[in-house]
Student: 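Structure in structure tokens, see below.
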Amino acid sequence: MALNYHYHKVMEETADTFIEIFKGLQERFPNEIQTNKSHPHSRGEYNVYSTFQSHEPEFDYLKSLEIEEKINKIRWLPQQNAAHFLLSTNDKTIKLWKISERDKRAEGYNLKDEDGRLRDPFRITALRVPILKPMDLMVEASPRRIFANAHTYHINSISVNSDHETYLSADDLRINLWHLEITDRSFNIVDIKPANMEELTEVITAAEFHPHQCNVFVYSSSKGTIRLCDMRSSALCDRHSKFFEEPEDPSSRSFFSEIISSISDVKFSHSGRYMMTRDYLSVKVWDLNMESRPVETHQVHEYLRSKLCSLYENDCIFDKFECCWNGPDSAIMTGSYNNFFRMFDRNTRRDVTLEASRENSKPRASLKPRRVCPGGKRKKDEISVDSLDFNKKILHTAWHPSDNIIAVAATNNLYIFQDKVN
Amino acid sequence: MLSKGLKRKREEEEEKEEEKEALAVDTWWLDSDHPAVAQAPPAVASSSLFDLSVLKLHHSLRQSEPDLRHLVLVVNTLRRIQASMVPTAALPPVPSLPAAPGMADNLLASSDAALSASMASLLEDLSHIEGLSQAPQPLAEEGPQGRPIGGAPPSLGSLDLLDPATGCLLDDGLEGLFEDIDTSMYDSELWAPASEGLKPGPEDGSGKEDTPELKETELKDTELDYLMDVLVGTQALERPPGPGR
């Protein structure tokens with residue numbers, strides 16, 4: 001199987017492989033799965049819960065373009081009953097999925113046979129009450145809503161509002177507001193498309209609703225700015241309420257200053273007081289009350305600053321890394337290259353580099369901190385910058401909302417790490 | 001070395017060259033108060049970076065649906081590089097053309113044209129994506145009458161200026177659009193697209209090629225020829241660039 005360099009093609013191919021591997025797992029190992037489900041932490045291993053195809057490739061006949069089925073973003077809705085709901089989006093279409101479990105089956109219907117054939121009512125001589133019997137766990141994913149045809153450009157973000165009724169979707173130039181129940185209409189709340197496309201110099205890179213104030217959202221740009229908007233001020237939020245930008249450091253200015261300042265992800269803290277932005281080399285924490293500069297800046301891989309030209313040449317400089325907060329907002333995490341990911345403790349100001357790789361990740365083994373040697377003499381156990389594998393990039397990470405469990409996506413493997421359980 | 005995906009041979013050599021010059025590129029920007037240093041090597045470094053950026057831009061434009069973020073960032077970087085290469089001349093922002101056709105750096109001028117033509121084709125494609133109707137026909141009629149906009153990328157103006165009822169261009173809108181642009185460039189052959197990556201404009205501009213412009217056209221064709229060959233993957237280095245088509 002020949003995999004070309006393109007990151008998304010790799011994801012596609014290995015997703016298929018994954019599906020093949022896990023098909024039929026529930027039929028073959030029902031007992032093991034049940035054990036894992038009840039005591040997941042005891043074995044330190046996770047198994048696939050459910051797999052489903054969210055989007056299919058589509059062909060836009062009008063523009064003669066293929067719309068890829070690759071998923072750009074997934075967002076869970078707050079859980080309101082036994083079922084789970086999530087929004088998933090590709091470049092053009094957002095879908096709402098319901099994922100529900102079925103582990104009981106009703107038996108003893110009056111009007112139906114066990115095979116489902118209808119019984120003739122006149123033949124029924126006695127009535128019985130159907131009883132619920134346990135069955136093998138079945139996880140069903142069903143599409144509940146399809147939100148289509150609202151984006152001309154590629155969707156990069158979706159964010160569920162704190163009102164649990166609306167959500168936003170953002171593409172390169174526009175942000176739309178949807179109601180979860182209504183699929184044939186959306187409201188455009190941000191439009192930065194210039195009247196003359198010749199004047200286009202900036203695109204939207206990420207957007208998110210405030211976790212508590214349902215009228216507030218932010219969006220970031222390719223120029224390293226963040227705009228906070230209040231939907232109460234006007235229907236079209238082209239004018240921001242707050243504008244966050246850190247002045248450029250003149251001593252580190254280069255041809256690539258704009259590219260590395262481009263923000264790839266923006267995330268509010270759980271408290272709603274701060275927001276975090278990820279640009280190419282750093283993670284910045286902003287206090288929403290101060291627009292002039294961030295309150296914290298954490299260097300992810302500063303040793304790459306002298307390599308920007310090469311990273312521009314091989315397009316790595318355009319990679320979009322995500323970032324995330326832990327539950328108490330005391331730590332933040334983001335990915336890097338060579339399957340490294342970084343965690344920063346905001347209180348102790350300590351940071352650590354860890355690696356997500358098969359060799360270093362036997363179940364229940366502790367991760368060893370890694371170090372990158374920026375240049376010159378390499379100490380023992382350090383990796384030199386030139387040995388880093390730039391094809392192994394960790395773009396997606398997620399932190400459990402309340403526990404110390406993290407998920408790290410490394411190209412074709414998903415790693416789940418947790419605090420040591422004795 | 002930095003790990004790479006599938007690479008063309010040319011790029012590997014180029015990258016080695018750039019590895020050496022990477023520091024030179026970055027530090028030149030910092031050491032702007034050392035003119036002696038800034039003169040000789042950085043001009044070379046910037047030129048290869050410029051070529052690389054133009055290559056990226058063309059590659060991006062060749063996608064069926066270009067990644068807008070990538071495109072915008074490359075174009076903006078190209079502007080910076082361009083501005084640094086000719087710091088004294090007051091260059092209007094890309095993709096507007098430089099005012100004086102007889103610029104000392106002909107390659108730069110032809111690159112601008114290629115860049116501008118690329119941007120024009122991209123923006124036209126994006127307009128089509130937007131679903132706006134295009135009306136090249138009215139423009140083609142205007143062209144032979146000697147209007148300077150004949151060779152111009154038609155869609156940039158026509159999008160905003162179509163009369164909804166008739167689909168024809170609004171005259172005063174056109175005047176307004178071009179009043180602050182030196183239209184002498186539009187009379188030259190530079191706007192005629194020569195590579196497959198660019199959308200063909202109206203035919204009227206083709207017959208107006210003047211001798212003084214030939215050299216710039218040749219250079220432009222040469223450069224596009226080269227880019228085309230590299231993109232198509234032929235051994236461009238072995239083949240000496242011909243004098244255009």
Side-chain angles (χ1 to χ4, degrees), chain A residues 4-7 60 62-68 91 152-154 156 171-173 193 195-205 222-223 250-259 262 305-318 320 337-338 385-392, chain B residues 1-7 11 14-15 18-19 21-30 45-46 48-49 52-53 56 64-65 67-81 84 93 95-96 116 119-120 122-131 153 155-157 159-160 177:
Chain A
N4 68 25
Y5 177 73
H6 196 282
Y7 172 78
D60 184 337
L62 200 63
K63 301 166 204 164
S64 195
L65 293 168
E66 163 135 344
I67 301 171
E68 291 177 46
D91 284 338
T152 307
Y153 305 100
H154 293 175
N156 54 54
D171 66 30
D172 293 316
L173 297 178
K193 179 174 182 287
N196 188 353
M197 280 292 273
E198 216 177 34
E199 295 155 26
L200 181 68
T201 58
E202 194 175 11
V203 298
I204 297 170
T205 53
S222 55
K223 285 196 171 173
S251 67
S252 60
R253 196 157 192 256
S254 76
F255 291 117
F256 310 109
S257 292
E258 183 176 319
I259 300 179
S262 174
R305 193 179 285 273
S306 57
K307 307 284 181 190
L308 291 179
C309 201
S310 306
L311 294 164
Y312 177 66
E313 202 261 337
N314 65 16
D315 269 348
C316 279
I317 207 175
F318 298 101
K320 293 185 285 184
Y337 294 103
N338 208 70
V385 181
D386 294 322
S387 325
L388 294 176
D389 188 345
F390 287 86
N391 288 322
K392 294 186 179 166
Chain B
M1 290 294 285
L2 290 177
S3 181
K4 305 177 269 285
L6 291 174
K7 283 294 190 185
E11 279 194 347
E14 201 177 67
E15 199 207 322
E18 258 157 18
E19 284 279 5
E21 290 168 345
L23 278 174
V25 170
D26 290 337
T27 52
W28 168 77
W29 191 266
L30 303 177
S46 294
S48 70
L49 199 61
L52 174 65
S53 300
K56 280 191 181 301
S64 50
E65 242 192 320
D67 178 356
L68 213 55
R69 173 183 165 259
H70 186 271
L71 201 61
V72 158
L73 289 174
V74 169
V75 167
N76 290 349
T77 305
L78 206 45
R79 281 184 179 137
R80 285 196 188 208
I81 295 166
S84 72
S96 308
S116 309
M119 281 298 294
L122 162 75
L123 297 167
E124 182 166 356
D125 291 343
L126 287 175
S127 323
H128 296 158
I129 290 171
E130 270 286 282
S155 59
L156 295 176
L159 290 175
D160 304 320
L177 180 72

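Order of the sequence lines fixes the chain letters, A, B, ..., with proteins taken first and strands second; residue numbering starts at 1 for each chain. Since this is a predicted model, take the numbers as computed values, not measurements.
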Student: Looking at every non-hydrogen atom in both residues, tell me the closest pair between B:Leu68 and A:Tyr153 and how far apart they are.
Tutor: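 Smallest heavy-atom distance, with atoms named: CD2-CD2, 3.9 Å.
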Student: Under the rule for side-chain contact (heavy atoms from CB on, under 4.5 Å), what residues qualify as partners of A:Glu202, not counting sequence neighbours?
Tutor: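 side-chain contact (heavy atoms from CB on, under 4.5 Å) check on A:Glu202 returns A:Ser221, A:Ser222, A:Lys223, A:Thr225, A:Arg227.
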Student: Given that the side chain runs from C-beta out, which part of A:Leu173 has a heavy atom under 4.5 Å from chain B: side chain, backbone, both or neither?
Tutor: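 The answer is the side chain of A:Leu173.
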Student: Which atoms of A:Tyr312 come close to chain B, meaning under 4.5 Å heavy atom to heavy atom: side chain ones, backbone ones, both, or neither?
Tutor: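 Its backbone and side chain both get close to chain B.
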Student: Keeping the roles fixed (side chain from B:Lys56, backbone from A:Glu313), state whether a donor-acceptor pair exists under 3.5 Å.
Tutor: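 Flag set: sc B:Lys56 to bb A:Glu313 pair under 3.5 Å.
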Student: What part of A:Thr201 gets within 4.5 angstrom of chain B, counting heavy atoms only: side chain, backbone, both, or neither?
Tutor: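 Looking at A:Thr201, backbone and side chain both touch chain B.
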Student: So what's closer than 4.5 Å to chain B heavy atoms on A:Thr205: side chain, backbone, both or neither?
Tutor: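 Only the side chain of A:Thr205 comes within 4.5 Å of chain B.
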Student: Give a yes or no on whether the backbone of A:Phe256 and the side-chain of B:Arg80 come within a donor-acceptor separation of less than 3.5 Å.
Tutor: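 Side chain of B:Arg80 to backbone of A:Phe256: no pair is present.
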